[in-house]
Amino acid sequence: MKVDLNNLISITEANQNFSKVARMVDENGAAVILKNNAPRYVIIDYTRLQEETIADNLTVEEAATKYLTKYAKAFEELAK
């Protein structure tokens, strides 16, 4: 997941004006909350999180399929 670092907001401002954080997320997909002038938290749209999770799961499944195909004979021997 890539986060645009132009969407920075201090934790104090986020506490005082969470609707501003929500607007940033709606407009840009994410907001980064700073604590002690360092990025600490990322707020993202829930649908974006679901999309990322699905993409990660597909990547794992693709890797598993490739690995199992490559070493199928070894797994068959181990199963005996």
Side-chain angles (χ1 to χ4, degrees):
M1 171 185 359
K2 294 183 180 180
V3 176
D4 184 2
L5 295 179
N6 293 323
N7 299 324
L8 303 176
I9 189 165
S10 71
I11 195 162
T12 303
E13 188 174 359
N15 281 331
Q16 294 172 351
N17 193 358
F18 191 76
S19 62
K20 181 177 181 180
V21 177
R23 274 193 308 277
M24 289 174 75
V25 172
D26 288 341
E27 293 170 2
N28 304 308
V32 178
I33 298 176
L34 303 173
K35 186 173 185 180
N36 297 326
N37 293 323
R40 183 65 182 257
Y41 306 103
V42 177
I43 309 294
I44 63 169
D45 185 280
Y46 185 74
T47 55
R48 185 172 172 186
L49 174 67
Q50 289 177 317
E51 291 168 1
E52 293 285 332
T53 302
I54 290 168
D56 287 346
N57 287 342
L58 288 176
T59 303
V60 169
E61 289 176 18
E62 290 168 356
T65 301
K66 184 176 178 180
Y67 187 79
L68 290 172
T69 303
K70 183 175 180 179
Y71 296 106
K73 288 184 181 182
F75 286 121
E76 288 172 8
E77 289 297 317
L78 289 171
K80 291 181 182 179

Original post:
Which pairs with one or both residues in residues 25-38 pass salt bridge (charged side-chain N to carboxylate O under 4.0 Å, His left out), sequence neighbours excluded?
Top reply: none
Original post:
If you look at every heavy atom in I43 and V21, which pair is closest and at what distance?
Top reply: CG1-CG1, 4.2 Å
Original post:
Near N36 CG, under 6.0 Å, is it more than 12 heavy atoms from other residues, nucleotides or ligands?
Top reply: no
**OP:** Just do the side chain to side chain contact (heavy atoms under 4.5 Å, CB included) check on I9 and M24 with the steps written out, would you?
**Re:** CA-CA 9 Å; I9 189 165; M24 289 174 75; 4.2 Å; yes
**OP:** Following the transitive rule for hydrophobic clusters with a side-chain heavy-atom cut-off under 4.5 Å over Ile, Leu, Val, Met, Phe, Trp and Tyr, establish whether V42 and V25 coincide in one cluster.
**Re:** no
Original post:
So, for N7 and A30, which heavy atoms are closest and what is the spacing to 0.1 Å?
Top reply: ND2-O, 3.3 Å
Original post:
When rounded to the nearest 0.5 angstrom, what distance separates OG1 in T12 from CG in L34?
Top reply: 10.0 Å
Subject >> Under the side chain to side chain contact (heavy atoms under 4.5 Å, CB included) test, residues paired with S19 that sit two or more places apart >> reply: N17, R23
Original post:
For residues 11-20, which residue pairs qualify under salt bridge (charged side-chain N to carboxylate O under 4.0 Å, His left out), counting only residues two or more places apart or in two chains?
Top reply: E13-K20
Subject >> Minimal non-hydrogen separation, I11 against I33, with atom names >> reply: CA-CG2, 3.6 Å
